[in-house]
Amino acid sequence: MSGLIAGASLLAGGIAAAQDYPAKTITIVVPFSAGGGVDNIARLLAEQLRTTFKQTIVIDNKPGASGMLGAQAVVKAAPDGYTLLLGSAGETAINPFVYKGRMQYAPEKDLAPITLVTRVPNVLVANPSLPVKNVEELIAYAKKNPGKLSYATSGVGNPQHLNGELFNSLAGIQMNHILYKGSAGQLVDVAGGNVDLSFVSMAGATPFIKGGRLKALAVTSAKRASFAPDIPTIAEYKPMAAYNLDNWFGLFAPAKTPADVQQKLNTAVTQALRDPGLAKKLSDQGGEPAPMTIDQFRSFIKAESVQYGRIVEAAKITPEN
């Protein structure tokens with residue numbers, strides 16, 4: 001009997017906690033350095049949620065290990081909704097395929113998906129001297145010059161890298177992957193002619209494109225981006241019609257966070273993303289607001305993971321390459 005009473009007491013306490021949530025400061029862990037794309041999106045979201053929840057929301061940057069240090073910190077946190085992860089596709093869906101046997105958490109078991117926040121298509125940019133104007137001409141040039149073209153990205157196994165390997169696979173070509181530690185260096189080297197191409201966020205590329213130092217060939221999303229409607233998609237070239245690979249950022253909680261708390265978070269973030277002011281700010285960061293229900297987000301991650309796994313396996317991507 002005492003066990004039943006204790007269990008009922010815990011259940012009642014959990015319900016009360018969910019009803020009172022949030023009653024104190026919420027921390028959103030960003031698994032990358034301050035000032036980057038993920039950090040900027042987290043801070044924009046936090047600003048909106050402070051108004052909704054009437055609580056302090058702080059950003060805690062925990063960079064390292066391709067985003068896995070920050071994600072692991074959230075996995076280990078108390079499952080009460082007060083420590084959250086603003087995660088990217090990398091540490092929540094791609095890394096299990098790249099870092100097989102090396103990860104200390106399993107995203108699908110240890111993290112509760114709350115909602116997708118934004119989808120961020122990358123843009124394929126080229127040095128202005130490269131004699132191509134579009135995807136069709138790029139593929140033709142690559143086939144006439146096998147092994148000559150190179151593309152820069154900011155990390156092994158991140159969405160930019162997968163963009164390049166998916167392009168190679170569907171086009172039947174082989175561009176060489178050149179790894180950089182950040183987007184600034186890769187863009188400077190493409191503009192300088194040291195590398196031919198790059199898959200990179202629109203926010204990073206826009207100053208170079210407007211300044212004539214890079215030319216934009218296509219975006220990586222299935223549809224043209226609302227903030228760059230004049231740039232075609234890779235998929236618009238019919239032989240590449242299956243091409244669709246964005247980066248994306250979503251909110252996660254520790255796996256055992258109460259369902260009512262998860263739903264409160266989902267509702268609040270969905271409401272925030274419908275705010276025209278926040279939508280405009282996300283657009284300025286190269287993102288499309290994309291709120292989902294919890295179930296929709298879970299299904300989305302599973303579907304994305306299938307594609308990521310296929311690309312990683314086909315390209316034989318490991319932490320070393």
A.B. asks: Could you work out, with side-chain contact (heavy atoms from CB on, under 4.5 Å) as the rule, every residue matching R102, not counting sequence neighbours?
C.D. replies: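 For R102, the residues satisfying side-chain contact (heavy atoms from CB on, under 4.5 Å) (neighbours in sequence not counted) are Y99, P319, E320.
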A.B. asks: Identify each donor-acceptor pair in which a side-chain atom of residues 23-33 lies under 3.5 Å from a protein atom, sequence neighbours left out, and give them as a table.
C.D. replies:
none

A.B. asks: Distance-only criterion, 3.5 Å: show the donor-acceptor pairs between side-chain atoms of residues 307-315 and protein atoms not counting sequence neighbours.
C.D. replies:
{"unit_1": "Q307", "atom_1": "NE2", "unit_2": "N244", "atom_2": "O", "d": "3.3"}
{"unit_1": "Y308", "atom_1": "OH", "unit_2": "W248", "atom_2": "NE1", "d": "2.8"}
{"unit_1": "Y308", "atom_1": "OH", "unit_2": "E304", "atom_2": "OE1", "d": "3.0"}

A.B. asks: Please determine whether a side-chain nitrogen of the Lys or Arg among E108 and K302 lies less than 4.0 Å from a carboxylate oxygen of the Asp or Glu.
C.D. replies: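 Salt bridge between E108 and K302, a charged N being under 4.0 Å from a carboxylate O: no.
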A.B. asks: Given T153, which of Q160, Q186, H161, H177 fulfils the side chain to side chain donor-acceptor pair (under 3.5 Å) condition?
C.D. replies: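 It is H177; the other options fail the test.
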A.B. asks: So, do N158 and I94 sit near enough that their side-chain heavy atoms are less than 4.5 Å apart?
C.D. replies: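 Not touching, per the 4.5 Å side-chain cut-off.
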A.B. asks: What pairs of donor and acceptor atoms, side-chain ones from residues 117-125 against any protein atom, are under 3.5 angstrom apart with sequence neighbours left out?
C.D. replies:
{"unit_1": "T118", "atom_1": "OG1", "unit_2": "E288", "atom_2": "N", "d": "3.2"}
{"unit_1": "T118", "atom_1": "OG1", "unit_2": "E288", "atom_2": "O", "d": "3.1"}
{"unit_1": "R119", "atom_1": "NE", "unit_2": "D246", "atom_2": "OD2", "d": "3.3"}
{"unit_1": "N122", "atom_1": "OD1", "unit_2": "S201", "atom_2": "N", "d": "3.3"}
{"unit_1": "N122", "atom_1": "ND2", "unit_2": "N163", "atom_2": "OD1", "d": "2.8"}

A.B. asks: If only side-chain N and O atoms count, and only distance matters, is there a donor-acceptor pair under 3.5 Å linking Y105 with K76?
C.D. replies: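 No.
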A.B. asks: Which residue pairs pass the ring-ring contact (aromatic ring centres under 6.0 Å, His included) test when at least one of the two sits in residues 251-290, sequence neighbours left out?
C.D. replies: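 As it turns out, the ring-ring contact (aromatic ring centres under 6.0 Å, His included) pairs with a partner in residues 251-290, which skip direct neighbours, are F252-F297.
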A.B. asks: For side-chain contact (heavy atoms from CB on, under 4.5 Å), just list the numbers for L197 and L217, CA-CA rounded to whole Å, side-chain angles, deciding distance to a tenth of an Å, and then say yes or no.
C.D. replies: CA-CA 10 Å; L197 304 148; L217 300 182; 4.1 Å; yes
A.B. asks: So which pairs with a foot in residues 181-207 pass ring-ring contact (aromatic ring centres under 6.0 Å, His included), sequence neighbours left out?
C.D. replies: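 Those involving residues 181-207 are Y151-F199.
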A.B. asks: Does D284 pair with K280 as a salt bridge, N-O distance under 4.0 Å?
C.D. replies: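 Here D284 pairs with K280 in a salt bridge, since their nearest N and O are under 4.0 Å apart.
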A.B. asks: Locate the shortest heavy-atom distance separating R213 from P128; write the atom from each residue and the value.
C.D. replies: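 Result for this residue pair: O-CD, 3.2 Å.
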A.B. asks: Would you check if there is a donor-acceptor pair between the side chains of E165 and S169 at a distance under 3.5 Å?
C.D. replies: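 Their side chains do not contain a donor-acceptor pair, so the 3.5 Å distance test is not met.
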A.B. asks: Which heavy atom in N266 sits nearest to a heavy atom in I114, and how many Å separate them?
C.D. replies: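 Shortest heavy-atom separation between N266 and I114 comes out as ND2-O, 2.8 Å.
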A.B. asks: Once side chain to side chain donor-acceptor pair (under 3.5 Å) is applied, do any residues pair with K133, and if so which ones, sequence neighbours excluded?
C.D. replies: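 Side chain to side chain donor-acceptor pair (under 3.5 Å) list for K133, sorted by chain: E137.
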A.B. asks: Are any non-hydrogen side-chain atoms of L251 and L85 less than 4.5 angstrom apart?
C.D. replies: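 Counting from C-beta outward, L251 and L85 never come under 4.5 Å.
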A.B. asks: Taking salt bridge (charged side-chain N to carboxylate O under 4.0 Å, His left out) as the test, write out the residues that go with K215, two or more places apart.
C.D. replies: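 Not a single residue meets the salt bridge (charged side-chain N to carboxylate O under 4.0 Å, His left out) criterion with K215.
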A.B. asks: Could I get the full list of side chain to side chain donor-acceptor pair (under 3.5 Å) partners for S150, not counting sequence neighbours?
C.D. replies: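 Checked S150 against side chain to side chain donor-acceptor pair (under 3.5 Å); matches are D196.
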A.B. asks: Using the test side-chain contact (heavy atoms from CB on, under 4.5 Å), find all partners of D189 that sit at least two apart in sequence or belong to another chain.
C.D. replies: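 Per chain and number, D189 pairs via side-chain contact (heavy atoms from CB on, under 4.5 Å) with Y180, N194, V195.
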A.B. asks: Closest approach of A272 and L45, non-hydrogen atoms and distance?
C.D. replies: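 Taking A272 first and L45 second, the nearest heavy atoms are CB-CD1, 4.3 Å.
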A.B. asks: Restricting to non-hydrogen atoms, name the atom on S221 and the atom on K223 that form the minimum distance, rounded to 0.1 Å.
C.D. replies: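 Closest heavy-atom pair between S221 and K223: OG-O, 2.6 Å.
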A.B. asks: Ignoring hydrogens and geometry beyond distance, is a side-chain donor-acceptor pair present between T293 and D295 at under 3.5 Å?
C.D. replies: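 No, because no side-chain N or O of T293 sits under 3.5 Å from a partner of the opposite role on D295.
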A.B. asks: What residues, two or more places apart in sequence or in another chain, satisfy side chain to side chain donor-acceptor pair (under 3.5 Å) together with K143?
C.D. replies: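 Expected list: none.
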A.B. asks: Report yes if the side chains of F249 and V38 come closer than 4.5 Å at any heavy-atom pair, otherwise no.
C.D. replies: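 A side-chain contact exists here, since the closest heavy-atom pair is under 4.5 Å.
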A.B. asks: Do M240 and I139 come within less than 4.5 Å of each other through their side chains, counting heavy atoms only?
C.D. replies: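 In short, these two side chains touch, coming nearer than 4.5 Å.
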A.B. asks: Under 3.5 Å, side chain of D110 to main-chain N/O of A255, donor-acceptor pair present?
C.D. replies: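 Not at all, since once roles are kept as given, no pair shorter than 3.5 Å links the two residues.
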A.B. asks: Any side-chain donor paired with an acceptor under 3.5 Å for T51 and Q48?
C.D. replies: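 No, no side-chain donor-acceptor pair sits under 3.5 Å.
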A.B. asks: Any chain of hydrophobic side-chain contacts (each under 4.5 Å) joining V261 to V74?
C.D. replies: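 No: no chain of side-chain contacts under 4.5 Å links V261 to V74.
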A.B. asks: Quick one: list whatever passes side chain to side chain donor-acceptor pair (under 3.5 Å) with D39, sequence neighbours left out.
C.D. replies: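 Result, side chain to side chain donor-acceptor pair (under 3.5 Å) vs D39: R43, N61.
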